[in-house]
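Shown next, in structure tokens, is the structure this report addresses.
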Amino acid sequence: CSLCVLIGDRSHWGMGHGTDAVMTLLEHAFERYDLARVELWTLEQNERAIRAFSRCGFEVDARLPERSFKDGSFHDRLVMSVTRQRFSVAMEQWRGSSAASQ
């Protein structure tokens with residue numbers, strides 16, 4: 001399964017919406033569809049997305065050099081994936097941190 005996420009309105013960045021959406025989608029993917037792995041790609045310089053995906057259990061699988069053209073130059077893509085097991089660990093941590101912040 002492949003995943004794509006975009007929060008276009010910058011006023012909503014940094015509020016946890018992306019992490020919440022990805023965790024909800026992953027929970028559905030692993031529990032309802034019994035998937036073994038979910039993957040995605042992001043641009044190497046998108047540190048914000050990489051941190052969010054890492055919180056959801058994603059790890060970098062590969063770097064694809066100069067695969068995307070943006071702002072007048074080519075950029076590397078990072079391919080990331082999460083397994084059911086890594087997601088379970090991330091979900092426990094996320095639920096724990098969500099409960100602690102309320």
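Residue numbers run from 1 in the order of the sequence given.
- Of all non-hydrogen atoms in L40 and L3, the two that sit nearest each other are CB-O, 3.3 Å.
- Remark: V60 pairs with L78, M80 by the side-chain contact (heavy atoms from CB on, under 4.5 Å) rule, at least two apart or across chains.
- With sequence neighbours excluded, the residues satisfying side chain to side chain donor-acceptor pair (under 3.5 Å) with S68 are R77.
- Evaluation of the side chain to side chain donor-acceptor pair (under 3.5 Å) test over residues 57-66, restricted to residues two or more places apart or in two chains, returns E44-R63, E59-R86, D61-S81.
- Evaluation of the ring-ring contact (aromatic ring centres under 6.0 Å, His included) rule for H75 yields no partner, not counting sequence neighbours.
- Counting all heavy atoms, side chain and backbone alike, G57 lies closest to A90 at N-CB, 3.6 Å.
- Of all heavy-atom pairs spanning V38 and F30, the tightest one is CG2-CZ, 3.9 Å.
- Within 6.0 Å of CD on Q45 lie more than 12 heavy atoms contributed by other residues, nucleotides or ligands.
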Side-chain donor-acceptor pairs of residues 14-28 under 3.5 Å, sequence neighbours excluded:
{"from": "T19", "atom 1": "OG1", "to": "R55", "atom 2": "NH2", "distance (Å)": "3.3"}
{"from": "T24", "atom 1": "OG1", "to": "D20", "atom 2": "O", "distance (Å)": "2.8"}
{"from": "E27", "atom 1": "OE2", "to": "R95", "atom 2": "NH2", "distance (Å)": "2.7"}

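- Note: R37 CZ to F87 CZ = 15.0 Å, rounded to the nearest 0.5 Å.
- A single hydrophobic cluster is seen to contain both Y33 and V82, as judged by linkage of ILVMFWY side chains at heavy-atom distances under 4.5 Å, directly or through other members.
- Partners of D34 according to the salt bridge (Lys or Arg N to Asp or Glu O under 4.0 Å) rule, which considers only residues two or more places apart in sequence or in another chain, are R84.
- Contact between L43 and I50 at its shortest, heavy atoms only, is O-CD1, 4.0 Å.
- Interatomic distance, S2 OG to W41 CH2, rounded to the nearest 0.5 Å: 10.0 Å.
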